[in-house]
Each structure stands twice: as structure tokens, then as C-alpha cells.
Amino acid sequence: MTSAPTTPSDVPKFRYTGALAQEIERRWQDRWEADGTFETPNPAGPLADSAKIAGRRKLFVLDMFPYPSGTGLHVGHPLGFIGTDIYSRYKRMTGYNVMYTMGFDAFGLPAEQYAVQTGLHPAITTNANVANYRRQLRRLGLSHDARRGVSTTDPAYYRWTQWIFLQIFNSWYDTDAGKARPIGALVEQYSSAQRPADDGRPWTDLSPTERDAIIDSHRLAYVSDAPVNWCPGLGTVVANEEVTADGRSDRGNFPVFKRNMRQWMMRITAYADRLIADLDLLDWTDAIKAMQRNWIGRSEGATVHFQSSAGPITVFTTRPDTLFGATFMVMAPEHPLVDALTTPERRQAVAQYRHQAASKKDIDRQDDTREKTGVATGAYAVNPVTGESIPVWIADYVLMGYGTGAIMAVPCGDQRDFEFARLYGLPIPAIQQPPERSLDTSTWDTAFVGEAPYVNSSNGSLDLDGITGVAEAIQLTNDWLESNGHGNAAITYKLRDWLFSRQRYWGEPFPIVYDLDGHPHGLPDSELPLVLPETDSFSPRTFDPDDEFSDPESPLDRLEWWTNVELDLGDGPRRYRRDTNVMPQWAGSCWYELRYLDPTNEQIFVDPAVELYWMGPQAEGRDGREHPGGVDLYVGGVEHAVLHLLYARFWHKVLYDLGHVSSKEPYYRLFNQGYILAAAYKDEREIYVEATEVVERDGGYFHGDQPVSREWGKMGKSLKNAVTPDDICQSYGADTLRLYEMAMGPLDASRPWETRDVVGMYRFLQRLWRNVVDEETGELALLDVEAGTDTKRLLHRTIAGVRDDMEALRFNTAIAKLIELNNHLTKLGGCPPGIAEPLVLMVAPLAAHLAEELWAKLGHDSTIAHEPFPVADPALLVADTVEYPVQVNGKVRGHITVAADLDTAGVEAAALADAKVAAWLAGAEPKKVIVVPGRMVNIVT
RNA sequence: GCCCGAGUGGCGGAAUGGCAGACGCGACGGACUCAAAAUCCGUUGUCCGAAAGGGCGUGUGGGUUCGAGUCCCACCUCGGGCACCA
């Protein structure tokens with residue numbers, strides 16, 4: 001446990017102890033709440049207060065909101081929250097109207113699993129967990145506007161999640177306009193024959209069912225029967241983004257199987273290009289941008305059609321220029337054309353290989369030494385540039401999920417194809433003349449990838465021979481393919497459409513009903529919210545994690561009374577069946593920042609005037625370029641780099657296209673805070689033991705008598721190394737905890753938690769308190785002499801430095817500067833009167849409660865939260881004299897103190913005249929003297 | 001393999017190309033105390049030296065510069081992401 005400093009009766013009554021800190025903190029937290037100190041005014045609507053807005057710039061500071069888990073917060077969770085609180089408090093004191101609150105992402109698997117474990121309904125456990133989180137967060141003194149803290153599980157919230165889903169359902173992506181538009185516009189285009197029907201038949205000839213099918217196939221939210229990730233251990237399908245590299249579920253670590261199933265999808269791929277392009281507008285780290293680009297995985301190249309007995313086989317390639325070197329084709333074992341292509345003699349071998357590939361779990365595919373396997377189908381296809389018949393193989397190194405699921409194999413120019421050709425004795429003709437290689441590829445160890453003159457690359461109408469530039473050769477080939485009908489330039493993405501349905505209970509129900517033909521209809525607004533039905537039977541049906549052929553079963557499916565419904569959707573009352581899926585965890589977090597702005601609006605998800613004020617585009621972004629608008633500062637962990645951050649950008653862009661929001665992007669500036677790491681200990685059975693019970697002795701670590709091994713990991717329940725904020729608050733107070741978490745290091749770095757180090761910040765606050773307050777009486781006790789010039793200069797240097805640090809989120813160095821100033825006061829024996837107020841004001845964003853208390857003792861009735869932050873006096877930032885270090889040949893050999901306005905020649909003369917320096921020069925004539933004004937002198941001999 | 005980050009005292013970490021190690025922890029010495037804790041004061045990169053002072057020092061090896069923890073090149077180690085993506 002944390003060792004609470006003892007507070008025996010002989011310490012002064014008003015010493016800043018953990019007990020006093022808590023008393024102060026409780027008092028100020030109550031007062032902030034009673035006074036509505038941190039209530040943020042809107043420009044319109046029920047939270048409007050135009051007087052408070054006038055003359056202030058807006059600032060929207062946002063934390064990634066937490067899942068309220070049953071175990072409560074540990075000290076790692078609030079790292080980012082404390083940072084945003086300090087920044088928000090600082091910005092309020094520099095004249096900003098700051099939006100800052102905290103909601104809860106309370107739907108989803110963790111909440112549901114906790115409910116299943118405890119046997120309590122998720123609504124009950126979730127409410128209890130939210131209450132516990134609120135209590136813990138309040139105890140940290142975070143300056144949230146409590147009126148805005150929405151929970152995704154509240155029907156008044158998810159009514160609008162469902163509404164947004166319907167907006168997406170009722171939209172299609174118009175590639176001509178480059179944006180989403182209402183589905184009605186597509187119907188209009190078809191029925192006016194402005195757009196030809198997909199199969200060439202006139203629209204009027206189609207049955208209503210056929211028309212519906214065509215329209216449905218264009219929706220941004222659509223039902224599709226496609227390969228999805230089925231996770232029997234969780235009893236639900238999951239999105240690609242929720243599957244780990246080794247083919248297991250992100251949550252629970254169960255095996256995941258690819259199965260064709262009818263599921264809801266979101267057409268995020270329509271936005272692939274914009275999701276990449278608009279990254280340029282954002283103030284995010286390059287690392288996160290790279291992760292998103294990489295996930296979207298845009299590749300430019302061409303599709304090429306190869307004629308075969310079973311019709312054209314289409315491949316995607318990034319190197320159409322190497323088409324002359326394509327000597328065979330490889331298809332994924334699951335490719336739909338395989339059956340039609342396979343010759344009777346090869347049928348058995350192909351069937352066997354396909355069976356093997358299908359039963360291989362993704363894990364096995366990974367763990368292999370990557371040795372290629374494959375079988376020939378016996379079929380041939382025609383290489384369009386050479387006219388040659390080339391064999392078609394199947395192999396599992398070609399993935400059905402990328403490109404077209406088939407490739408042209410160019411063994412001389414692609415390492416995988418090279419290895420495959422070597423293994424099965426397929427020809428490897430050279431089509432480029434690589435430097436320092438023979439054209440005889442039997443002498444090659446690897447494929448050649450790069451620029452080199454093309455050889456053997458011409459037919460009657462396409463001639464690449466002698467060209468060296470890959471880009472030029474690609475262009476020529478693409479033109480040739482297009483004009484001869486063999487293919488065209490094309491772009492592919494790794495990004496797949498987003499699997500959006502889950503077979504669980506604790507999520508937003510789909511606002512969708514199916515008619516007797518199985519055709520989906522969106523519910524009208526009047527039916528929203530579609531409330532999650534009450535039931536005791538909320539446990540998901542899970543299966544043996546390896547039982548690939550189990551089938552998902554939604555808990556809602558069991559509720560006949562709920563699923564069967566009679567509705568009038570405009571054509572009289574009819575019977576419908578509700579969709580029994582729920583939305584994934586991510587749905588609620590795709591738009592929560594918008595609801596914070598206008599949390600109680602029942603007419604619309606956010607008042608446009610309010611949205612424009614907080615989220616609208618700004619005059620100028622970085623580098624004077626376009627500013628897309630959005631949240632001014634978004635702080636959260638890097639683990640959401642491709643999940644939440646991609647989904648939320650997608651939803652936001654749909655809302656933007658449909659005219660519901662004014663900003664192109666939801667989050668303008670993203671800051672990833674680090675993690676708090678903590679020592680974790682394993683016993684000899686490799687089982688983690690409670691870290692707080694481990695003692696260090698004899699150069700080793702022991703749990704009782706058992707020797708244990710130490711490692712460092714992310715703090716949490718699984719490593720049994722969690723430290724709760726409640727314990728630290730109990731021992732030292734929340735202000736000490738806040739300071740310690742910030743002083744540990746830069747906000748974006750991960751750092752190890754050391755409970756024993758916390759006392760350093762506690763001592764700082766204690767000394768600060770003692771410099772201003774009499775520990776015996778609790779009364780204000782300042783020095784009765786005014787500050788001298790040294791102290792004033794230090795104060796103003798501190799003000800300037802702390803301001804810079806606060807702006808840049810460098811709270812660790814801001815704290816160090818304040819400690820330096822306070823240490824200076826300690827040496828003076830106390831705080832001169834003119835210093836106390838600016839000092840307390842500077843401390844206010846960091847140690848918020850202590851500052852309020854001192855501010856009150858300094859005679860102020862109102863909160864310090866909205867007082868102006870001190871401004872440095874430029875006159876006090878420059879000194880009369882400057883001390884220069886004097887280097888001789890780059891090594892410091894002496895110091896001189898001269899008037900600050902002394903010219904360069906004067907400084908040089910003073911340096912050369914210094915006795916120590918002269919001794920080092922030993923009479924030698926300096927070759928060169930460098931004087932950096934205000935900085936230093938270097939004498940070169 | 002590819003793409004990002006990062007390597008500084010016993011530990012967490014500071015340092016617009018300009019006095020490396022701010023600030024904190026720990027350790028050591030001292031004050032207070034019957035004693036301990038708490039609190040307060042001082043010392044604390046390392047080596048030589050009684051001291052003054054000096055040598056060496058930011059993962060390794062080179063380079064640019066009057067001057068490099070910082071910039072450039074190569075390498076090593078650690079952390080993170082992606083990974084048969086055609």
C-alpha cells in the first residue's frame with residue numbers, strides 16, 4: 001500500500017498534510033459545483049449566455065471518453081485528463097471560453113462482460129460504474145461542465161446515434177459530386193434515366209423489388225452477404241480493425257474465422273481518398289497519420305484482364321510495366337473462378353489444397369516460415385501483351401481480401417513470385433537489365449525491384465525496350481491496356497468496408513425493420529429512440545472458441561414480443577420484424593463531441609449555430625493553409641489510431657456532406673498522451689503477484705518468501721500493478737497527485753509510476769503553503785518587506801517561462817520553474833507581498849484547490865478560475881549586467897560579468913582581459929574571437 | 001523485412017547549435033527529537049587532488065562547425081505500428 005505520512009498531534013495544526021489537503025479539496029469541489037464555476041456558455045439554446053461569450057475566443061478541449069469498467073480508475077487513466085484540465089484552466093485564465101467536459105462510452109463488450117460476470121443487468125452495473133467514475137474524477141478536481149457529460153447508453157443520446165445511422169442508411173456516395181447525398185437523389189437519377197440502370201434495362205421495366213435491391217446496394221449503410229470475422233468465443237462478428245495480426249479478437253483473444261454472413265456494413269471505402277487527403281489539414285503527429293495512411297493502404301496501379309476458358313480473370317498490379325514478365329497467374333484458393341477453371345485431372349489436387357487452406361487458421365498461415373505452397377489448376381490464361389498462354393495456379397500467398405484475389409506473377413520482378421517460380425520450376429524471364437546482373441536469371445538470388453532499362457518488352461503496338469523510368473513505362477502500358485480493352489489504370493485500398501453489426505445485447509438497437517420480403521426499412525423519426533428492450537436474458541450466446549461452424553445468435557432475437565411489430569410506414573399498417581443486431585462499441589464515440597455542445601436538444605442532434613461556434617472552420621490553419629474546423633485539442637491514447645479515429649472521421653464526413661455539420665474533420669489537433677507504466681512481478685509459476693505486496697531485499701524481489709521477477713508494463717488489473725487515485729488522494733491530496741503525474745515527464749511520453757517519488761510534489765506544495773500561510777494559525781503570513789530586484793526578475797522570468805510551457809503542454813517544466821521560484825522564496829524566509837498573488841495565479845491551473853484556498857486567504861471572495869493569468873513585464877526580463885562564459889578553443893575557462901548593453905568589441909576586450917582566460921592563452925595571440933551577444937565568448941588560438 | 005519514436009547521473013527527467021545534468025526521487029552528512037518518523041539545512045556525474053584546480057563524460061564510429069546531447073552519414077540497442085497488400 002502507499003505509505004501515508006503520519007500526522008501525529010505534534011505537527012502544526014495548519015500544516016499542509018494529506019488530511020488538510022483533502023478538507024480543502026472537498027470544500028472547493030463543493031463550491032465549484034454549487035456556483036457552476038465551470039459551466040460553459042453556448043451562443044444559442046438553453047445553455048446560452050451571450051454576455052459571458054462576448055470578447056472571448058472559443059476553445060474546445062476534449063478527452064477520449066472512458067469506458068466505465070467495474071474496477072474503477074487507476075492512476076494511469078487520468079494522465080491525459082489532468083493534462084487537459086490544466087490546459088483548460090490555463091486557457092480560461094487567458095481569456096478563452098473553454099468547452100471541457102467528460103462523458104462515458106458505456107455500451108459495448110467490457111460493460112456487458114462485467115454484467116455477465118456479476119449476473120447483474122448491464123444497465124445497473126453501467127450506472128454504478130459511471131457513478132464510481134464520476135466520483136473518482138470529481139475527486140481529482142477536473143473543471144468539467146457537468147451539464148454536458150453525456151453517456152452513450154442514455155436513450156436521449158442514442159436516439160441521435162440511431163438518427164445518424166439512418167442518415168447514413170439513407171445516403172449514397174455520388175462519385176461525380178465526390179460526396180454523400182440523400183438516397184432520394186439516386187432514385188431520381190435512375191427514374192429520370194439520367195443514370196442508366198446497372199444491368200442496362202430501363203428503370204421502368206424493373207419490378208419494385210428489383211429497384212429496391214439496386215437502391216439498397218448503393219446505400220452507405222447496407223446489408224451484405226460477404227466474408228466477415230466470426231468470433232465464436234465472443235459469440236459475435238467483429239470488424240477487421242478488431243482482429244489482431246495473428247487472427248484473434250482484440251477483446252478476449254479468441255480465434256476469429258472468415259465466414260460469409262449477412263451483416264450490416266458501412267461504406268467507409270467510399271471515403272478512402274478523402275480520409276487520406278484531409279490528413280494534411282490536421283495537426284496530428286506524423287506517426288498517427290502514417291498509421292491511418294497505412295491502414296487505408298492506397299495503391300496505384302492497373303487492373304488487367306487475362307482471357308481464360310472460364311472468362312476473363314482480372315488482376316490488380318502496381319507494376320503493369322512488368323506485364324511482359326508475367327509467366328503465370330496465381331489465384332487465392334477461395335477465388336470464385338477456381339471451380340470453373342480447374343481441369344478434371346487437377347480437380348482432386350485443387351480440392352485437397354483448398355481444403356487445407358480453409359482449415360488453416362490465420363495463425364498457422366502466419367507462423368509458417370513463409371515457405372510458398374500452391375497447386376496448378378491445369379487451366380491457362382492469355383497474357384494480353386505477349387499473347388502467350390500461361391498457367392493458372394492457386395496459392396495461399398494470394399489473399400482473397402485484397403485487390404481482386406488474383407495476381408499476375410512476375411517472377412523476375414517480385415520476390416514472392418520469384419520464390420514460387422523457383423519452387424515449382426516455372427520460367428523466370430528477365431524483362432529489365434539490372435546493373436551488375438546477367439540476363440540469365442538462373443544466376444539471380446532474388447527478384448529485381450527497381451529502375452533499370454526494359455528488355456524483351458515489346459509487341460507490335462507497345463514498346464518499352466530501352467526505357468528506364470518505371471513511371472513512364474507504367475503510363476505507356478496503362479494507355480495501351482485501355483485503348484486495347486485489356487484493362488485500365490486503377491487504385492486499390494487495403495481498407496475494407498466497416499462491419500457494423502454485432503450479435504450482442506449491450507449496444508444501440510438498429511432502427512431498422514424488415515418487411516415480409518426481407519427488405520430493410522428505416523424507422524421514421526417518430527419511432528426514435530428505439531429503446532433497447534428490457535430483458536434478463538442479456539447474455540450473448542458464445543461458443544467453443546474453436547467451433548468455427550457455430551452460428552451467431554443475437555440476444556434480441558429471443559425476444560419475440562419485441563421483434564415482431566406492426567407499423568405504418570406510409571402504406572398502411574403492416575407486420576415487420578425488427579433487426580436484432582446491435583451497433584458496435586464504436587458507434588457512440590463517432591459523434592459524442594457534437595452532443596457535448598448541445599446535450600439536451602430534443603429537436604436536433606446539435607443546434608447548427610452552436611455547432612458552428614464550437615466546431616466551425618477557423619480563419620487559418622497551420623502554415624496559413626485551410627483550417628477544416630473541429631475540436632481544438634483532442635487528447636487520448638495512441639491505441640485508437642485506426643479504430644475510433646478512422647470511424648469518427650468517416651461519420652463526421654458523412655454528416656458534413658449532408659450539411660449537418662460545418663467542419664470537414666472532427667478533431668483538428670490530436671495529442672497522444674503516454675502511458676503510465678508500473679513494475680509487475682511474476683512468481684516462479686509465471687503468475688503475476690500483487691505488486692504492492694512485493695518487497696525488495698538482498699538485491700532481489702520477493703513476494704513473501706517467494707523470489708519474483710520484475711518487468712515493466714502498462715498499469716492495469718491484468719498485471720496486478722494498479723495504483724488507484726483514491727489511495728494517493730487519501731495520503732497526499734489530489735493536488736499532489738495532479739502535480740506528480742504532470743511532473744513525471746513530458747505528457748506524450750510513457751513513464752514508470754513510482755509511488756515513493758510522489759512525496760516530492762507533496763513537499764513542494766507544503767513549502768508553497770508555508771511560504772504564504774502560518775502553519776500554526778492558518779492565517780496569511782507574508783513577509784513585511786517588498787521583493788528585491790532579484791526576486792522580481794525571477795518572478796517575471798518564471799511568468800514568461802510558465803506561459804510558454806503551458807501553451808506547449810510542457811507541464812513538467814512549468815512545474816520545475818514554479819518550484820525554483822518557490823525555493824527562492826523559501827531561502828528568503830517567506831513570500832514578499834507583491835509576489836504572492838502572481839505565484840498563486842500561476843499555480844492555479846496545476847494545483848487548483850490549493851490555489852483557490854490561498855487566493856481566498858489573500859482576500860479574494862471569488863474563484864481564481866477566471867482571474868487573468870499573470871503577464872511578464874518585459875523590462876524585468878532583461879538584466880543590467882550579463883555573465884558571459886568565456887571559452888578557449890571550445891572549453892569554458894572563465895567567466896566575465898559586463899554591462900548588458902556593452903558592444904561586441906567591449907565584450908571581447910573584457911574576455912581577453914580576464915586573468916584566468918589570459919592564463920590559458922599564455923600570451924598566445926588569438927586567431928579568432930567569437931562573441932555571441934548575450935550568450936558567450938569563444939577564443940580560438 | 002518495412003514505417004515511426006527513443007537512447008543523457010543510482011532512478012524519473014531538463015537543456016532556441018552556446019556554461020550538460022534544471023526540477024524531483026534516492027543516497028550521504030547535519031539540525032530538531034529520549035528515539036524514530038515527519039519537517040528543515042547542506043552535499044551529491046565520474047576520476048585525480050587536502051584544496052585550488054584539472055582530466056573524462058549525453059548508445060558506438062565518423063563528419064560539419066569557433067562551438068554538437070542537439071545538425072549530417074553509418075551502425076548498435078530498446079519501444080511502438082504494419083507485415084505474403086500483388
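By convention in this document, chain letters (A, B, ...) are assigned in the order of the sequence lines, proteins followed by strands, and residues within each chain are numbered from 1.
With a 6.0 Å cutoff to the six-membered ring centre and a 45° limit on the axis angle, A/K372 does not count as a cation-pi contact of A/F420.
Scanning for ring pair (Phe, Tyr, Trp, His ring centres under 6.0 Å) contacts around A/H486 gives A/W480, with sequence neighbours left out. For A/D497, the side chain to side chain donor-acceptor pair (under 3.5 Å) partners are A/Y222, A/T269, not counting sequence neighbours. Legend: residues meeting side-chain contact (heavy atoms from CB on, under 4.5 Å) with A/Q766, ordered by chain and number and at least two apart, are A/R15, A/Y16, A/Y762. By the side chain to side chain donor-acceptor pair (under 3.5 Å) test, A/S299 pairs with A/Y402, sequence neighbours left out. Under the side-chain contact (heavy atoms from CB on, under 4.5 Å) criterion, A/A421 pairs with A/F328, A/P411, A/L426, A/I428, sequence neighbours left out.
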Please write out the pairs of protein N or O atoms and N or O atoms of nucleotides 10-15 of chain B separated by less than 3.5 Å, giving the distance to one decimal.
residue : atom : partner : partner atom : Å
B/G12   : O2'  : A/M744  : O            : 2.9
B/A14   : OP1  : A/N812  : ND2          : 3.0

Look for any protein N or O under 3.5 Å of an N or O in nucleotides 54-56 of chain B and output each such pair with its distance, or none.
residue : atom : partner : partner atom : Å
B/G55   : OP1  : A/R893  : NH2          : 3.2
B/G55   : OP2  : A/R893  : NH1          : 3.4

query: How is the base pairing of RNA chain B summarised as a dot-bracket string, given the Watson-Crick and G-U wobble criteria with both distances under 3.5 Å, [ ] for crossing and | for another strand?
result: (((((((..(((.....[....)))((((((.......))))))((((....))))..(((((..]....))))))))))))....
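Using a cutoff of 4.0 Å between basic side-chain nitrogens and carboxylate oxygens, A/D273 and A/R293 are not scored as salt-bridged.
In this structure, A/W753 has its ring center closer than 6.0 angstrom to the ring center of A/Y740. Between A/W393 and A/Y424, a ring centre-to-centre spacing shorter than 6.0 Å is recorded.
For the P atoms, the distance from B/G7 to B/A14 is 9 Å, rounded to whole Å.
Atom CG of residue A/L670 and atom CD1 of residue A/I288 lie 6.0 Å apart, to the nearest 0.5 angstrom.
Against the 90° criterion about 0, the sugar-base torsion of B/G54 places it in the anti range.
RNA chain B lies under 4.0 Å from at least one heavy atom of each of the following residues of residues 932-941 of chain A: A/V932, A/R935, A/M936, A/N938, A/V940. Taking a 4.0 Å limit (strictly below) on heavy-atom distances, residues 670-678 of chain A does not reach RNA chain B anywhere.
Side-chain to base pairing of A/K372 with B/C84: one donor and one acceptor N or O lie within less than 3.5 Å of each other.
Considering every non-hydrogen atom in both A/M715 and A/A678, the closest pair reads CE-CB, 3.7 Å.
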Which donor-acceptor pairs under 3.5 Å do side chains of residues 930-941 of chain A form with protein atoms, sequence neighbours excluded?
residue : atom : partner : partner atom : Å
A/N938  : OD1  : A/G890  : N            : 3.1
A/T941  : OG1  : A/N889  : ND2          : 3.0

Exercise answer: donor-acceptor pairs, residues 807-814 of chain A side-chain atoms, under 3.5 Å, sequence neighbours excluded:
residue : atom : partner : partner atom : Å
A/E807  : OE1  : A/K91   : NZ           : 3.0
A/E807  : OE2  : A/Y90   : OH           : 3.3
A/E807  : OE2  : A/K91   : NZ           : 3.4
A/R810  : NE   : A/D805  : OD1          : 3.1
A/R810  : NH2  : A/D805  : OD1          : 3.0
A/T813  : OG1  : A/D805  : OD1          : 3.4
A/T813  : OG1  : A/D805  : OD2          : 3.1
A/T813  : OG1  : A/R810  : O            : 3.2

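Mapped onto RNA chain B by nearest heavy atom, A/E883 and A/F316 fall at different nucleotides, with A/E883 at the one closer to the 5' end.
With B/A86, B/G81, B/G26 as the choices, the nucleotide that has an atom nearest any side-chain atom of A/M291 turns out to be B/G81.
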task: Tell me, with the steps shown, if A/K927 and A/E925 meet salt bridge (charged side-chain N to carboxylate O under 4.0 Å, His left out).
output: CA-CA 6 Å; A/K927 283 204 188 93; A/E925 190 61 26; over 6 Å; no
task: For A/D914 and A/K916, run salt bridge (charged side-chain N to carboxylate O under 4.0 Å, His left out): C-alpha distance rounded to whole Å, both residues' side-chain angles, the deciding distance at 0.1 Å, then the answer.
output: CA-CA 6 Å; A/D914 183 74; A/K916 277 188 188 163; over 6 Å; no
